[in-house]
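Predicted model only: the values in this text are computed from it and were never measured.
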Amino acid sequence: GQPLFEVRREAQPFVVEAGGTETRALGTRFDVYLPKGDGLQVTLLEGVVRVSEDAAGGNVILSPGEQMTLRAGERTVSSVDTSQFKTWASGMIPFTDVTLAIVAAELNRYSATKIRFDEAIAGERISGAFRAGDQEGFATALEAFMQVTAERRRDETLIRRRQ
């Protein structure tokens with residue numbers, strides 16, 4: 001899951017426990033993302049949050065525009081473009097230089113109709129923002145901008161390189 005929290009200033013801190021961490025906020029906007037498999041990302045949009053890790057111990061205090069990633073026990077903090085999170089909150093899912101297989105996995109979380117790629121193109125990279133749950137719109141956009149064709153079936157759309 002990936003909730004986006006807007007927390008107003010209160011006497012008591014707002015706490016999110018996820019992925020073996022505890023994120024405390026007082027008057028802030030932040031995003032917590034638990035991707036399938038391994039990892040956790042906490043992204044701060046406004047204010048200040050403190051992330052405490054159960055396993056590794058220690059605290060990380062994030063500033064606006066910073067993202068903490070915890071994967072396989074390794075913690076990193078990096079700067080991020082927070083405008084992507086505003087896009088996500090409006091129902092669009094942004095991608096920057098990721099494989100088509102990664103895009104399909106994320107879009108498939110929001111629809112009963114699954115996007116599948118032929119192995120020959122699953123590793124090709126793409127950037128863009130696509131509406132969550134709009135598998136048809138995504139397939140149509142790929143057909144328009146890439147040399148692919150989409151075979152639409154009842155519960156899946158298979159995308160292949162155009163012959």
Side-chain angles (χ1 to χ4, degrees), residues 1-10 12-117 119 121-135 137-139 141-142 145-146 159:
Q2 185 175 4
L4 175 66
F5 299 98
E6 285 191 41
V7 181
R8 41 173 220 206
R9 291 194 180 274
E10 297 286 339
Q12 295 294 321
F14 180 82
V15 179
V16 176
E17 294 180 3
T21 68
E22 182 178 282
T23 302
R24 293 180 166 271
L26 250 166
T28 188
R29 285 184 73 210
F30 66 101
D31 176 271
V32 177
Y33 178 49
L34 284 168
K36 283 188 176 183
D38 178 38
L40 166 92
Q41 289 179 333
V42 177
T43 305
L44 182 61
L45 305 172
E46 296 173 10
V48 176
V49 295
R50 182 181 74 213
V51 183
S52 303
E53 300 172 48
D54 290 345
N59 296 317
V60 174
I61 296 175
L62 297 177
S63 297
E66 288 185 329
Q67 179 178 80
M68 185 204 80
T69 301
L70 182 63
R71 186 169 291 120
E74 298 277 328
R75 174 178 60 196
T76 59
V77 176
S78 58
S79 295
V80 295
D81 178 7
T82 59
S83 66
Q84 290 189 354
F85 292 88
K86 293 172 186 153
T87 302
W88 172 83
S90 70
M92 300 294 286
I93 304 174
F95 299 98
T96 304
D97 193 30
V98 297
T99 65
L100 290 171
I102 288 172
V103 174
E106 188 66 20
L107 291 178
N108 286 345
R109 294 176 52 209
Y110 301 95
S111 177
T113 302
K114 304 303 179 196
I115 297 285
R116 309 256 188 257
F117 286 98
E119 286 185 29
I121 64 169
E124 290 192 26
R125 302 186 86 72
I126 190 172
S127 295
F130 305 97
R131 184 155 306 284
D134 185 8
Q135 310 299 65
F138 176 68
L142 288 183
F145 294 103
M146 297 179 72
I159 300 175

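For the pair Val32 and Ala18, the tightest heavy-atom approach, listed with the atom from each and the gap, is CG1-CB, 4.1 Å. In plain terms, the two heavy atoms of Ser52 and Asn59 that are nearest each other are OG-OD1, 2.6 Å. The shortest heavy-atom contact between Leu107 and Arg131 is CD2-O, 4.2 Å. When all heavy atoms of Asn108 and Lys114 are compared, the pair lying nearest together is O-NZ, 2.7 Å. Between Ala129 and Met92 the shortest heavy-atom distance is O-CE, 3.5 Å.
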Take Ile159 and Met146 through the test side chain to side chain contact (heavy atoms under 4.5 Å, CB included) and record every step on the way to the result. CA-CA 11 Å; Ile159 300 175; Met146 297 179 72; over 6 Å; no
Go through Val103 and Phe138 one step at a time and tell me if the side chain to side chain contact (heavy atoms under 4.5 Å, CB included) criterion holds. CA-CA 10 Å; Val103 174; Phe138 176 68; 3.6 Å; yes
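Counting only heavy atoms from C-beta outward, the side chains of Val48 and Thr28 never approach each other to under 4.5 Å. In this structure, the side chains of Ile93 and Tyr110 come closer than 4.5 Å at one or more pairs of heavy atoms.
Take Arg125 and apply the side-chain hydrogen bond (donor to acceptor under 3.5 Å, both in side chains) test, not counting sequence neighbours, and it matches Asp97. Under the rule for a side-chain contact (heavy atoms from CB on, under 4.5 Å), the partners of Val77 that lie at least two apart in sequence or sit in another chain are Val60, Leu62, Glu66, Met68. Listed by chain and number, the residues in a salt bridge (charged side-chain N to carboxylate O under 4.0 Å, His left out) with Glu17 amount to none (sequence neighbours excluded). Residues passing the salt bridge (charged side-chain N to carboxylate O under 4.0 Å, His left out) test with Arg116 are Glu156, sequence neighbours excluded. Partners of Phe117 by ring-ring contact (aromatic ring centres under 6.0 Å, His included), not counting sequence neighbours: none found. Every side-chain contact (heavy atoms from CB on, under 4.5 Å) that Thr69 has, sequence neighbours left out, goes to Gln41, Gln67, Arg71, Thr76.
Summarising the geometry, atom OG1 belonging to Thr23 is positioned 10.5 Å from atom CG belonging to Asp31; distances are rounded to the nearest 0.5 Å. The CG atom of Leu142 lies 6.0 Å from the CZ atom of Phe130; values are rounded to the nearest 0.5 Å. If you take CD1 on Ile115 and CD on Gln135, they are separated by 4.5 Å, rounding to the nearest 0.5 Å.
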